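It should be emphasised that the depicted structure is a prediction, and the values quoted were computed from it without experimental measurement. As the structure lists them, so they are numbered: ligands from 1, and atoms in each ligand from 1.
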Amino acid sequence: MSSDTGEYADRTLEAVAEAGSSPTEDVDVSALPLPPYPPNLGSPKLHVLRQMRDPRRFMFESMATRDVVRTHFVGMGDIYNLAHPEHSKRILLTERDRFSKTDDFSIAFGEGLLTVEGEEWRQQRDVLQPLFVRESVRGYGDGMVEQIRRRSDRWADGQRIDLQREMTHMTLDVLFATVLGRELELDGDEAIREASERLHDWFLPTSWFLPNWVPTPARRRFTEAKRTLEREATRLLEEKTAEGAPTDPSEATDLLSLLVGLRQAGVTDSGMLTDERLRDQMVTMIFAGHDTTTTTLSFAFYLLAHHPEVRERFHAEVDTLDGPPTMADVDDLEVTERVVTETLRLFPPVHTLPRLADEDVAFDGYRVPAGGRISIPIFRIQRDPRFFEAPDEFRPERWTPEFRQSLHNFAYAPFGGGPRICIGREFALLEAKLALATVGRQYELYHLGDDDDEPTSFEMTTRMRAGEQFLVTER
Ligand code: HEM
């Protein structure tokens with residue numbers, strides 16, 4: 001797939017090689033002041049309340065006039081918000097060794113790819129990467145379309161759907177049938193579906209300022225959900241192992257076969273040999289791989305519903321297909337691709353990237369102290385008028401090759417950047433294009449609500465507000 005976002009991120013990866021010298025080398029960082037608290041937000045002690053009330057507004061208000069600000073969280077301490085793409089580039093790429101990941105995810109998901117660091121991360125990434133490169137992902141294409149159709153074929157003309165719910169089911173169907181190698185029942189497997197949703201409960205705002213050991217109701221729901229998914233992972237691993245014939249790991253086409261193959265082949269440096277590690281990896285993929293794509297699809301349909309001109313161009317494009325999209329068509333779906341790219345700009349599923357500073361670091365004349373919690377507000381950066389004209393407007397046509405070329409590499413980073421860029425990027429982009437094209441050939445979706453107020457819900461990830469209804473009309 002020649003993807004806007006894909007090419008863009010490839011350039012980011014290439015840039016790893018040209019990591020520059022640290023801008024902080026020549027300054028006495030310890031003498032620099034800490035970033036100011038935003039003056040318009042009142043006492044720092046109240047930041048947590050403002051954040052809980054409206055996290056999206058808090059993000060924009062706190063960084064309304066500055067790129068470097070400090071916000072405060074009772075129970076967590078200060079957060080250092082760094083809102084210029086140049087900051088992201090330093091943190092994720094050129095000075096990445098001075099920063100590490102926070103432990104929130106490892107407490108929740110153990111030692112999967114999303115959380116591990118150092119040599120273990122390198123080993124896991126090397127082992128898993130082949131499943132996610134463009135060629136392998138394209139191998140999933142027909143399976144993706146089959147899953148998408150299985151669900152959308154059941155919609156009827158005039159039916160109202162809770163779009164986010166439908167998309168959640170669809171992306172889980174796709175993820176399980178492809179990467180996890182096990183088809184979910186269309187109307188069943190409720191326990192797995194429910195548990196996959198509940199993984200978010202670890203991160204609910206009501207728990208933010210409580211220590212991790214406090215068993216809030218949300219955290220209990222999370223723990224139960226995680227156990228359910230771990231049991232399922234164990235069952236799947238046992239079934240695959242019992243199938244007998246060892247899988248050559250280099251030929252594995254799904255995560256399960258790969259993991260079991262590695263174990264059977266006794267590959268000792270995979271970083272994933274214990275049952276616990278294998279389970280962590282599967283739960284990580286379920287968490288990272290379905291909710292993000294759900295958000296992308298939900299907002300893409302929402303945006304199309306509210307922009308008739310773009311919708312017409314989109315329908316005209318998918319109407320040129322002879323049937324449901326195939327891998328032969330996918331590179332020609334330019335309008336569809338730009339819709340996906342622009343949706344990921346306006347509604348990046350990962351609205352904030354967290355990091356920790358391992359040492360004192362200077363940003364624009366301010367000090368972020370060692371141990372400081374850093375927040376990169378992707379959602380705010382991708383709506384920054386310095387980089388995007390009319391930043392709040394949905395304009396897929398802005399993504400011309402010239403525009404992409406001129407854009408700061410980190411002004412658009414829905415998949416992160418640097419070596420830890422999302423491993424599922426190709427997968428997600430392909431799935432989004434195929435889902436839009438498959439559904440768009442058959443139906444038009446009308447949002448039964450207005451667009452004055454974008455229906456976002458800032459949770460651990462960006463999501464569509466629960467319960468938004470869409471009307472399905474047969475084309
Ligand atoms: C539109 C969909 C998606 C978005 C926006 C997205 C976004 C991201 C972002 C921003 C990161 C970087 C996190 C950081 O640096 O702290 C990331 C990492 C990751 N994503 Fe995705 N993701 C998507 C889909 C997927 C899918 C489909 C999968 C798996 C099937 C996946 C698996 C992962 C994993 C395992 C990592 C950790 C990679 C590493 O640290 O080496 N993601 N994702």
Nearest neighbour in protein (non-hydrogen) for atom 23 (C) of ligand 1
Thr292 OG1, 3.4 Å
Give the contacting part of Val350 toward ligand 1: side chain, backbone, both or neither, where contact means a heavy-atom distance below 4.0 Å.
side chain
Location of contacts on Arg355 toward ligand 1, heavy atoms closer than 4.0 Å
side chain
Can you tell me which residue and heavy atom of the protein come closest to atom 34 (C) of ligand 1, and the distance to 0.1 Å?
Ile423 CG2, 3.7 Å
What protein heavy atom lies closest to atom 12 (C) of ligand 1? Include the residue and the distance to one decimal.
Arg420 O, 3.8 Å
Audit row: Leu356, Arg373, side chain to side chain contact (heavy atoms under 4.5 Å, CB included) steps and yes/no
CA-CA 5 Å; Leu356 288 178; Arg373 281 178 167 266; 3.7 Å; yes
Flag side-chain contact, heavy atom, 4.5 Å: Leu344 against Leu429
yes
Which of these, His290, Glu185, His169, sits in a side-chain hydrogen bond (donor to acceptor under 3.5 Å, both in side chains) with Arg193?
His169
What atoms of ligand 1 come within less than 4.0 Å of a heavy atom belonging to Ala428?
1 (C), 2 (C), 24 (C)
Can you find an N/O atom of Thr293 closer than 3.5 Å to an N/O atom of ligand 1?
no
Is the contact between Pro414 and ligand 1 made by the side chain, the backbone, both, or neither, using heavy atoms and a 4.0 Å cut-off?
backbone
Where ligand 1 meets Leu175 - atom numbers and elements under 4.0 angstrom, heavy-atom basis:
30 (C)
What part of Lys101, side chain from CB on, backbone N/CA/C/O, both or neither, has a heavy atom under 4.0 Å from ligand 1?
side chain
What atoms of ligand 1 come within less than 4.0 Å of a heavy atom belonging to Arg125?
38 (C), 39 (C), 41 (O)
To the nearest 0.1 Å, how far is atom 32 (C) of ligand 1 from its closest protein heavy atom, and which atom is that?
Ala288 CB, 3.5 Å
For Thr296, counting its heavy atoms only, list the atoms of ligand 1 lying under 4.0 Å from any of them.
1 (C)
Between Phe458 and Phe379, is the ring centre distance below 6.0 Å?
yes
Would a distance-only check, ignoring hydrogens and angles, find a side-chain to backbone donor-acceptor pair under 3.5 Å from His72 to Val48?
no
Beyond-backbone contact of Asp254 with Arg182, side-chain heavy atoms, under 4.5 angstrom
no
Going by the atom numbers of ligand 1, which of them fall below 4.0 Å from some non-hydrogen atom of Phe427?
27 (C)
The atoms of ligand 1 lying under 4.0 Å from a heavy atom of Met285, numbered in the order shown, are 29 (C), 35 (C)
Under 4.0 Å from any heavy atom of Trp121, which atoms of ligand 1 are there?
39 (C), 40 (O), 41 (O)
Taking the side chain as every heavy atom from C-beta outward, state whether His315 and Arg311 have any pair of such atoms under 4.5 Å apart.
yes
Atom CZ of residue position Arg165 - does it have more than 12 heavy atoms of other residues, nucleotides or ligands inside 6.0 Å?
no
Which residue supplies the protein heavy atom nearest to atom 26 (C) of ligand 1, what is that atom called, and how far is it?
Gly289 CA, 3.5 Å
Please determine if Arg56 and Glu454 form a salt bridge, counting it only when a charged side-chain N lies under 4.0 Å from a carboxylate O.
yes
Applying ring pair (Phe, Tyr, Trp, His ring centres under 6.0 Å), run through Tyr80 and Phe363 and close with a yes or a no.
CA-CA 10 Å; Tyr80 298 86; Phe363 288 95; 9.5 Å; no
Which residue and non-hydrogen atom of the protein lie closest to atom 17 (C) of ligand 1, and at what distance in Å?
Cys422 CB, 3.4 Å
Counting heavy atoms not belonging to Arg235, are there more than 12 under 6.0 Å from its CZ?
yes
Tell me the contacting part of Phe415 for ligand 1: side chain, backbone, both, or neither, using a 4.0 Å heavy-atom threshold, strictly below.
both
If you count the atoms of ligand 1 from 1 in the order shown, which ones are under 4.0 Å from a heavy atom of Leu114?
18 (C), 19 (C), 36 (C), 37 (C)
Are Phe470 and Trp155 an aromatic pair by the rule of ring centers under 6.0 Å?
no
